[in-house]
Structure formats: structure tokens, C-alpha cells
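Throughout, protein chains are lettered first and strands after them, A, B, ... in sequence-line order, and every chain is numbered starting at 1. Values in this document were obtained by computation on a predicted structure and should not be read as measured data.
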Amino acid sequence: MTDLPPDLPARSDAAAYDPQSAEPRWQRAWAERGCFTVADVPETDRPKYYVLEMFPYPSGKIHMGHVRNYTLGDVVARYKRARGHVVLHPMGWDAFGLPAENAARERGIHPARWTRDNIAAMRAELQRMGLSIDWRREFATCDPAYYGQQQKLFLDMLRAGLAERRESWVNWDPVDQTVLANEQVIDGRGWRSGAPVEKRSLSQWFLSITRYAPELLAALDRLERWPERVRLMQAKWIGRSEGARLRFRLVTEMEGIAEVEVYTTRPDTLFGMSFLAIAPEHPLAAAVAAGDPAAASFIAECRRMGTSEAVIETAEKRGYDTGLRVRHPFQREAVFPVWIANFVLMEYGTGAIFGCPAHDQRDLEFARAYGLAVRPVVLPPGEAAASFTVGTRAYDGPGRVIQSGFLDGLDTAAAKARAIDELRRLGVGEGMVNWRLRDWGVSRQRYWGCPIPVIHCPSCGVVPVPDADLPVRLPDDVTFDRPGNPLDHHPTWKHVRCPRCAAPAERETDTFDTFVDSSWYFARFCSPHAAEPVAAAAAGHWLPVDQYIGGIEHAILHLLYARFFTRAMAATGHLAVEEPFAGLFTQGMVTHESYRSADGRWLYPEEVERLADGSARERASGGAVTVGRVEAMSKSRRNTVDPGAIIARYGADTARWFILSDNPPERDMEWTEAGVAGAWRFTQRVFRLVDAIAGTAASAPGGTRPEGPGSEASGPQVPDAAAQALRRLTHRTIVAVTEALEGFAFNVAVARLHEFANALADAERRADEPGLPEARRDGVALLARLIAPMMPHLAEEMHARLGGGGALVAELPWPEADPALVAAQTVTIAVQVMGRLRATLALPPGQPEAEVIAAAEQEPNVARMLAGQPIRRRIYVPDRVVNFVIGG
RNA sequence: GCCCGCCUGGCGGAAUGGCAGACGCAGCGGACUUAAAAUCCGCAGCCCACAAGGCGUGGGGGUUCGAGUCCCCCGGCGGGCACCA
């Protein structure tokens with residue numbers, strides 16, 4: 001019997017609150033009253049507030065991460081609304097992407113159908129959560145109405161010179177016939193096909209994000225409501241560095257190449273050079289390879305190495321001596337070998353470096369491997385030139401320059417400047433700022449994405465699709481029975497006439513990276529049905545987003561792309577703001593214990609039963625279960641909890657409450673059965689507070705006042721002391737919850753509301769004290785309103801039962817605290833001797849210092865400690881602490 | 001390797017430089033019940049039989065009348081980035 005899973009407590013108590021009937025009822029009430037709908041341009045002088053959570057990919061089911069994300073956003077939205085803001089809180093779908101194509105390939109479902117079904121299912125789940133969303137604004141990025149406007153944006157960017165087509169190296173999967181992102185290449189093989197990945201040069205579309213690199217970096221300082229670490233990650237990603245660009249002249253030309261350009265941040269170490277190294281993809285390497293099979297095979301080997309982290313990490317430094325020599329810019333007579341090296345990146349700087357082994361660790365390892373010279377030219381502070389040597393560790397810190405001709409004696413900073421001056425004087429180089437950030441390649445060889453709206457004409461070249469022909473729609477009749485891009489295989493779709501010369505031409509068959517779709521959706525939400533990408537008046541009113549909430553995993557790419565897009569849209573006249581997100585909050589993950597059966601199968605939490613002794617066993621078989629680590633919920637470990645099942649069992653409010661109460665929202669939270677159960681108990685407990693009042697009011701209208709003795713509490717005897725104390729707590733709770741919500745300290749707000757509910761329940765048992773029933777009734781009414789951002793349905797139910805007066809809580813302003821009631825009536829002053837607590841004093845606030853100190857000295861414990869000791873100092877912090885410093 | 005963050009009872013956590021551990025979870029005791037569930041009341045950092053006291057916020061040092069909080073060093077855990085020239 002006791003082995004049965006615990007049933008819903010509600011079933012055993014007829015009077016209990018039933019969220020399954022109440023929650024949908026209030027959701028309908030909000031919808032009917034249009035509580036959460038706002039105009040594109042509201043006619044009001046109330047301040048605007050735009051709350052946005054990162055929109056979901058429609059995978060088919062919401063997960064706990066969504067529940068957390070949207071609960072956090074909804075608390076903010078409901079709170080801000082109550083504080084008098086007109087709140088924009090929309091929802092949409094990041095609906096393009098590979099999983100839909102995979103479903104098509106594996107199960108024969110059309111991507112559009114699969115996506116639409118998933119959206120319908122997830123919309124229902126989100127609506128069941130009771131989110132205060134303006135659903136009239138909903139759209140999916142796979143709507144032609146959305147992606148058509150995106151095509152318009154792209155064409156404007158193309159015209160503005162912000163988009164261009166160029167060759168670039170990509171990871172090519174020869175079996176799937178598609179480009180792979182770096183993270184899709186595992187040990188040099190395609191993640192799906194397992195085929196060895198090749199580096200190929202393809203013609204791709206790029207957006208010129210690098211043009212905004214300085215601005216994207218500088219503006220980070222002004223994003224004060226962004227987490228510091230996100231700004232830091234972006235700054236590092238953008239990667240500004242200062243150095244010099246210089247050209248090394250080849251002793252003998254090679255296929256018309258006479259010099260090699262190098263970027264360095266250490267021009268001060270130029271005299272420590274011992275070789276020059278170029279990337280395997282460098283044009284000079286190709287020129288060498290043309291006449292040198294050994295070089296060609298070395299380059300091919302590097303290419304096979306792939307770009308995956310594991311390979312790079314374990315790869316030793318390897319190189320190939322081309323036999324070519326370059327001259328040193330400062331020492332005409334000195335020549336150095338040119339190597340092709342596997343650790344030089346074509347994508348960074350100029351694809352070539354000068355090697356200074358004494359002061360760069362990689363160069364040192366390379367030099368040791370191939371017996372190249374190691375010449376120290378920077379002397380660390382405190383070292384003597386005669387004795388300083390470099391062993392296995394390069395010295396890359398600052399110091400004094402030695403063995404460097406005209407740079408001798410300068411410190412490294414001065415030497416950098418001096419070296420750059422000299423390079424410029426000689427006409428072989430100059431100072432240069434370099435950026436790590438690369439332009440954004442947006443071409444994907446996929447079907448389920450936004451078509452890139454251009455036409456390739458044999459005679460006119462790249463021709464934009466005319467505005468009148470937008471949107472370029474995806475064809476529905478595609479097949480997924482062979483590898484490669486279905487758009488490319490389609491019998492007719494790509495064959496069109498050139499808009500310029502009417503000759504037969506071909507559509508671009510690549511589609512956009514889905515990061516493009518999510519780079520401007522926040523702007524589209526302001527005017528989701530506009531005939532242009534964004535309506536100026538609406539965007540002008542709502543943007544920037546005041547509070548954006550999402551996962552840290554988007555700290556770099558999505559947020560940086562959106563920041564870039566905002567600027568590019570401003571440059572093309574679509575937007576007038578600089579930054580899309582004024583405030584950013586990054587939530588932690590939802591985690592859960594993981595379970596394994598004796599034979600090593602992963603088990604879902606609902607298949608496992610925890611026993612009182614802390615062990616666990618399988619429900620079905622009774623078999624032993626190993627409880628594993630608490631980690632991020634993932635399908636592969638089966639440590640997931642289905643929000644739909646939780647809501648069906650406990651209701652949305654309980655799920656919301658638990659998710660908010662567990663810990664601060666920026667940290668990872670652990671989902672536990674005991675935790676939700678506790679939240680469920682609280683939900684019921686709060687409801688019973690109302691129930692008790694309804695009963696009291698009916699049986700004793702106006703409240704009887706028996707003449708019983710007042711509180712036996714010490715202090716001045718006030719007849720209604722208990723009622724007054726409850727009223728003071730009520731108003732202090734308003735202040736505390738308000739502060740907690742403002743600071744995203746939702747777990748603290750929950751704690752304060754727990755305390756308040758405890759006090760109200762306590763008051764229930766003392767109904768005969770004067771004024772207490774009234775104070776309790778007022779308190780419960782306020783509890784409903786304070787709880788509303790977190791548990792909106794329960795709040796409405798309570799409010800209505802207390803005689804809500806026709807208004808919904810969702811329509812009420814946030815409660816105001818009465819300052820007179822908030823002010824403390826007594827304060828507890830800590831009395832310390834030598835900084836250690838010896839007593840406390842309960843006094844009215846604001847007592848004169850002398851009296852407080854005198855009272856403190858009277859305390860027996862204090863008096864004993866002070867006896868026979870000279871008092872050196874008496875520290876007094878008003879209403880807080882007294883500290884006696886004693887002894888000689 | 002570099003950068004960032006974190007470390008407080010059995011657990012999640014709270015605490016403008018001023019009573020450490022609020023609140024919750026788990027636990028223990030009691031009431032109610034034939035019994036259980038639910039509910040309600042109470043206990044609860046460690047040492048000490050009680051009191052008094054002592055020890056306690058990863059470890060060590062420092063600043064201060066007073067440090068979980070500020071500074072320095074060390075350790076552990078987590079995250080991000082990475083042949084970036």
C-alpha cells in the first residue's frame with residue numbers, strides 16, 4: 001500500500017484548490033478582457049516596458065528550461081504591468097533549422113508540416129502556463145510574411161555594401177554534400193555521415209560585421225544592465241589587438257610573389273626572429289606546392305587534420321621548410337627560412353608570422369622541434385643580460401630590450417612604438433589594429449531556411465530579386481531522398497529569367513543561417529503585421545527591449561549578431577536605435593539527478609522510486625538503481641522531467657512557484673520531486689487562508705470582539721497589538737517583495753511571502769484578538785496581489801473569493817506600502833564586547849546614544865565582561881550595534 | 001595555458017562591513033486518527049549534561065572596534081576561450 005506512488009493530495013480533500021479547473025478559467029478571463037494585448041503604438045503617457053524571452057525552437061515539446069525562462073519573463077512582465085507600465089510581452093517561433101529536415105529524411109514528414117504541428121503543440125503548452133503574452137503578435141520565422149521581410153532587409157544591406165559574396169574555406173562533408181560548422185566536425189569526420197571532412201573553398205555570402213567591430217566593442221561599456229561576464233566574452237570574441245603589419249622581402253621571388261606580409265603584436269622582438277612561418281592555406285604555400293610534391297603532401301596532411309578542438313589540442317607543432325628565404329627589415333644582411341607551419345591560421349591576421357622563439361611559446365616549441373635559433377631580446381626585470389637564457393618556457397612579459405640594435409635599452413612598450421616608426425620610415429610596414437572577429441558567413445546549403453533572394457545571371461552576374469517579386473518562397477514539393485540541398489535538386493524552382501536581361505538564369509539555392517532569423521525578430525514583434533520589416537513608429541516606441549531573458553549559451557553569437565543587425569538595420573533606415581537589448585538576464589540551467597538500472601540503462605525519474613534510506617529502486621521491477629550526478633537535463637541521460645506532466649498534476653502556478661523558489665535564477669537549479677511537492681503544499685496552504693476568511697465573514701459579519709485578555713506579550717499593553725503587528729508585517733512585506741522583484745531575487749521574494757503566509761495562518765488561530773480578523777483579511781487580500789506575478793491564477797482565485805469588486809488582479813496596480821507602518825517600532829541592538837556578541841537590546845529606534853550605551857552596560861553578561869576593565873572605546877552604530885573595546 | 005565565476009548546516013540558499021544560517025527541502029519529537037495520508041504544533045550548525053562559554057561561512061594571512069562581505073596568498077569546483085601571432 002505504501003509503495004503506491006503518492007496520489008494527488010487534493011483528491012482527499014474536497015475543499016482544496018483545484019488548479020486544473022481554476023487555471024484555464026482565469027486564462028480565459030485574461031484573454032476575454034484583453035489584459036495583455038497592447039497596440040503597436042499605444043496612445044498613453046504611461047511608460048513602456050518591453051519584456052522578451054528568447055523565442056523557442058519548435059522541437060515539439062517544451063522543456064523545463066523553457067518553463068524557467070518564460071516564468072522569469074512573466075514575473076517581470078506582470079510586475080512591470082502592475083507598476084503602471086504598458087508592457088509588450090510577445091512570443092514567436094525560431095522555426096527554421098536542421099531538425100525539420102532530419103525529420104523529413106528519417107520519417108518522411110514535410111518540414112513545414114512537422115514544424116506547424118510542433119508549434120501548435122508547444123503553443124498549447126505555453127498557454128497552459130498562464131503567461132501574460134500578447135498572442136496576437138505571434139509569428140514563426142518560417143512564415144513567408146516574416147522571411148520575405150528578412151529578404152528585403154538583406155537586399156537593402158546588399159545595396160548598402162554590408163553584404164558580399166566571397167570565397168571562403170569551409171568544412172565540406174562529401175557524403176552529405178553539405179557544409180558543416182566546426183562543432184559538427186568530430187575527429188575530422190562529419191557528425192552524421194562519418195565521412196572524412198574536407199576543407200573546401202566555396203563562394204558564400206558574408207555580412208560585414210567586422211565593419212562594426214570597433215563600435216560593437218566600444219558600446220559594450222554602455223550596456224550597464226548586461227552581465228559583466230557576457231560583455232567580457234563578447235569583448236574577447238571581438239578581440240582587438242594592437243601591433244604592426246610588415247612585409248618581408250623574399251630573397252628570390254616565387255611565382256611572382258616577392259614578399260610576405262606578417263601581422264605581429266610584438267614588433268619590439270623583431271631582432272629575436274629566427275624564422276618566418278605561413279599557414280598551409282597561404283597563397284605562397286600553394287605556389288611552393290606547385291613545384292614541390294613534399295610540400296604539397298604536407299599541406300594536404302594539414303588540411304586533413306580538420307578544425308576540431310581535440311585534434312588541435314593534441315597536435316604537435318609541425319612544419320615544412322620551403323627552402324625560401326626572407327630578408328630582415330632592419331638587418332639587410334640577415335636572412336631567415338620560410339616554413340609552412342600547422343599552427344599558423346590563415347584566418348587570423350595575414351596568415352603569416354615571424355617566429356621569435358625566445359618570447360613566444362608556440363614559436364619556441366616549433367624552434368626546439370626543428371633546431372632553429374632562440375635569441376633572447378627582452379630581459380625580464382631583475383635578470384642580467386649575461387646570464388639570461390630561455391629553456392622550455394618563452395618569456396612573453398615586459399622588460400628591457402637587448403641585442404636589438406637601435407631598440408637597445410628601451411622598455412618593451414617604447415620599443416614597439418620605435419620599431420613601428422622605423423618600419424614606416426623604411427616603407428615596409430606600419431602600426432595596425434587587428435580584430436579577431438571575422439565576417440559572418442550566412443550561406444547554408446539547406447532547404448528549411450530563408451532563401452537568399454538573388455539570381456545568378458551568366459551575363460549580369462549577381463542580380464537582386466526585385467522587391468515586387470518578394471518573398472522568394474520555398475517550394476513545397478521537395479524531396480529528401482538523396483544527399484545535398486533539395487532546393488538545388490528541384491526540377492524547376494531555381495530556373496528563372498534574369499530580372500535585368502531576361503536571359504535564362506539561376507536562383508541562389510543557399511538559404512540563410514538561422515541566426516539571421518533570430519537577429520531581428522525582437523524588432524518585428526513591435527509591428528508583426530507591417531508591410532515593411534518594421535513600422536518606424538512602433539519600433540521607435542518599443543525598442544530597445546528593456547529586459548531580455550535567456551540562456552548563457554547565446555552569450556556570444558546570437559547576441560552579437562543581433563547587435564550587429566540592429567546597426568545594419570539602422571544604416572539601411574529600418575531602425576533608429578543603437579542597441580537591441582538594454583537589459584539582459586542570463587538564467588541558469590535546470591538540472592536533475594540521473595538514474596541507472598543495474599544493467600546500465602538510463603531511467604527516467606518517473607521510473608524510479610526513492611526510498612526513505614536514500615537509496616532508489618526501479619518502480620516496475622523493484623531492481624536496484626544507482627543515483628548518478630545532478631546534471632543538466634538531457635534526453636540521452638533521461639534525467640528529464642516533462643513540464644506537461646508536472647502541470648497536469650500540480651498546475652502551472654505550483655510549477656512556476658517551485659522554479660522561482662529554489663535558488664537565484666542566474667544559477668543552475670535542481671528540479672526535485674520534493675521541491676514541487678513543497679510548492680504544491682504552499683499553494684494549498686495559501687488557498688486555505690482565503691477559505692478560512694470566507695467562513696469567518698459568513699458566520700460573524702463585522703467580527704465579534706470578545707473581551708478576552710489581550711496578548712500576553714511584554715511591553716506596553718495595547719489592546720490590538722497583534723493586529724498592529726500584522727499590519728506592520730503586511731506593509732514590510734510589500735517593501736521586501738518589491739525590492740526582491742526589482743533585483744531579480746525571486747527566491748527572496750518567495751521567502752518573504754512564506755513568512756507572511758505563516759503569520760497570516762498564525763493570526764487565524766487567534767481570531768479573538770481585537771482587530772486581528774480585519775488585519776488578517778486585509779493581509780490575505782494583499783498576499784493575493786503580491787503573489788500574482790509568480791502565481792497569477794491562484795491570485796485571481798483568491799481575489800475573486802474575497803470579493804474582488806469586478807477587477808482582475810492582472811488589472812490592479814501594485815500595492816503601495818504605508819511608510820508609517822513600515823518604520824520599525826522596535827529595533828534589536830547587538831551589544832558586543834571586543835567585537836563579540838554578549839547581549840541584545842530591544843529598544844524603540846532613535847534612542848539617544850548615551851542611553852543606549854548605559855542600557856548596554858547594565859546587561860548582566862556585558863557587565864561581567866566589563867568588570868574591572870578600563871573601557872578604551874565605545875562604538876555606537878545607531879539602532880544597530882554597541883561595541884565596547886576594553887583592556888590596556 | 002589564459003580569462004571569468006563560485007566555495008555558508010544533511011541539501012537549496014539568506015545576510016547595505018554591524019545578532020551568520022532568514023525562508024524552504026529533507027530530518028526528529030508531539031497533536032489529531034483505529035491506523036495511515038493530509039493538516040497542525042514544536043525542535044534543530046558543531047562542542048559541552050545544563051548554564052556560562054568555546055568553535056564555526058574552503059585553508060592561511062591582512063585591514064578594521066567589528067569581516068561570509070574588503071585586500072593578498074593557496075586550494076577545490078564550475079564555466080568560457082584557445083596554436084589569435
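If you take atom C1' in B:A14 and the same atom in B:G68, they sit 11 Å apart, rounded to whole Å. Rounded to whole Å, the C1' atom of B:U16 lies 14 Å from the corresponding atom of B:C70. Comparing the C1' positions of B:U34 and B:G29 gives a spacing of 22 Å, expressed to the nearest Å. Rounded to the nearest Å, the gap between the C1' atom of B:C2 and that of B:G10 is 38 Å. Taking atom P in both B:C73 and B:G78, the straight-line distance is 23 Å, to the nearest Å. Straight-line distance between the P atoms of B:C55 and B:G60: roughly 14 Å, to the nearest whole Å. Using atom C1' as the reference point in both B:G58 and B:C3, the two lie 22 Å apart (nearest Å). A gap of 10 Å separates the P atoms of B:U39 and B:C25, to the nearest Å.
A distance below 6.0 Å separates the ring centres of A:Phe658 and A:Trp671.
Using Watson-Crick or G-U wobble geometry with both donor-acceptor distances under 3.5 Å, B:C43 finds its partner in B:G27. Pairing of B:C81, defined by two Watson-Crick or G-U wobble distances under 3.5 Å, is identified with B:G1. Nucleotide B:G66 has no partner under the Watson-Crick or G-U criteria, as no pair reaches both atom distances under 3.5 Å. Figure legend. B:A37 is base-paired to no nucleotide; pairs are counted as Watson-Crick or G-U wobble with both atom distances under 3.5 Å.
Among the protein residues, A:Ala751 comes within range of the nucleic acid bases, having at least one heavy atom under 4.0 Å from a base atom. Within the nucleic acid shown, A:Leu232 comes within 4.0 Å of sugar-phosphate atoms alone, with no base atom in reach, counting heavy atoms only. Looking at heavy-atom distances under 4.0 Å, A:Val344 makes contact with a base. The residue A:Val877 sits close to a base: some heavy atom pair falls under 4.0 Å. At the heavy-atom level, A:Glu755 lies under 4.0 Å from the strands shown only through sugar-phosphate atoms. Across all strands, A:Arg838 comes closer than 4.0 Å only to sugar-phosphate atoms, never to a base (heavy-atom distances). Heavy atoms of A:Asn434 sit nowhere under 4.0 angstrom from any nucleic acid atom.
Per the geometry, CZ belonging to A:Arg362 stands 14 Å off P belonging to B:C2, to the nearest Å. Across the protein-nucleic acid pair, A:Asn758 atom CG and B:G24 atom P stand 5 Å apart, rounded to whole Å. Rounded to whole Å, the distance from CE on A:Met346 to C1' on B:A85 is 13 Å. Straight-line distance from the CD atom of A:Glu666 to the P atom of B:G12: 15 Å, rounded to whole Å.
OP1 or OP2 of B:A14 sits under 4.0 Å from a side-chain N or O of A:Asn747. Considering only side-chain N and O atoms, A:Arg873 lies under 4.0 angstrom from the phosphate OP1 or OP2 of B:C65. Put simply, A:Arg872 has no side-chain N or O that comes within less than 4.0 Å of OP1 or OP2 on B:C65. In this structure, A:Tyr348 reaches the B:A85 phosphate: one of its side-chain N or O atoms is under 4.0 Å from OP1 or OP2. For A:Arg436 and B:A85, the shortest distance from a side-chain N or O to OP1 or OP2 is not below 4.0 Å. Contact annotation: A:Arg681 reaches the phosphate of B:C25 (side-chain N/O to OP1 or OP2, under 4.0 Å). Residue A:Arg880 places none of its side-chain N or O atoms closer than 4.0 Å to OP1 or OP2 of B:C65.
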**Request:** Could you walk me through whether A:Glu430 and A:Arg247 pass salt bridge (Lys or Arg N to Asp or Glu O under 4.0 Å), step by step?
**Result:** CA-CA 10 Å; A:Glu430 52 276 318; A:Arg247 292 167 287 281; 3.5 Å; yes
**Request:** Dump the intermediate steps for side-chain hydrogen bond (donor to acceptor under 3.5 Å, both in side chains) on A:Arg838 and A:Gln832, then the final yes or no.
**Result:** CA-CA 5 Å; A:Arg838 298 299 171 185; A:Gln832 303 175 335; over 6 Å; no
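Side chains of A:Ser241 and A:Tyr263: a donor on one and an acceptor on the other come within 3.5 Å.
For A:Lys317 and A:Phe343, the positive end sits near the middle of the six-membered ring, less than 6.0 Å away and at most 45° from its axis.
The nucleotide whose nearest atom lies closest to any side-chain atom of A:Pro664 is, among B:A14, B:A82, B:C2, B:A14. In this structure, of B:C84, B:G13, B:C81, it is B:C81 that holds the atom nearest to the side chain of A:Ile556. Among the nucleotides B:C65, B:U39, B:A14, the one closest to the side chain of A:Arg667 is B:A14. In this structure, the nucleotide among B:A52, B:C84, B:G13 sitting nearest to the side chain of A:Asn663 is B:G13. With distances taken from any side-chain atom of A:Arg836 to the nucleotides B:C4, B:A22, B:G54, the minimum falls on B:G54. Of the candidate nucleotides B:G53, B:A26, B:C4, B:A26 has the atom nearest to the side chain of A:Ala674. Relative to the side chain of A:Arg765, the nucleotides B:C40, B:C65, B:G53 differ in distance, and B:C40 lies closest.
Comparing A:Thr265 and A:Ala761 against RNA chain B, the residue whose closest nucleotide sits nearer the 5' end is A:Ala761. For the pair A:Ser661 and A:Met233, nearest-nucleotide mapping onto RNA chain B gives the more 5' position to A:Ser661.
Below 30°, between 30° and 60°, or above 60°: for A:His754 and A:Trp657 the angle between ring planes is between 30° and 60°, a tilted geometry. Using a 30° and 60° split on the angle between ring planes, A:His554 and A:His558 fall in the perpendicular class, above 60°.
B:G58 adopts an anti glycosidic conformation, its chi angle falling more than 90° from 0.
Counting atom types as modelled, A:Gln832 pairs a side-chain N or O with a base atom of B:G18 as donor and acceptor under 3.5 Å.
Here A:Tyr348 contributes atom OH and A:Asn434 contributes atom CG; the two are 4.5 Å apart, rounded to the nearest 0.5 Å.
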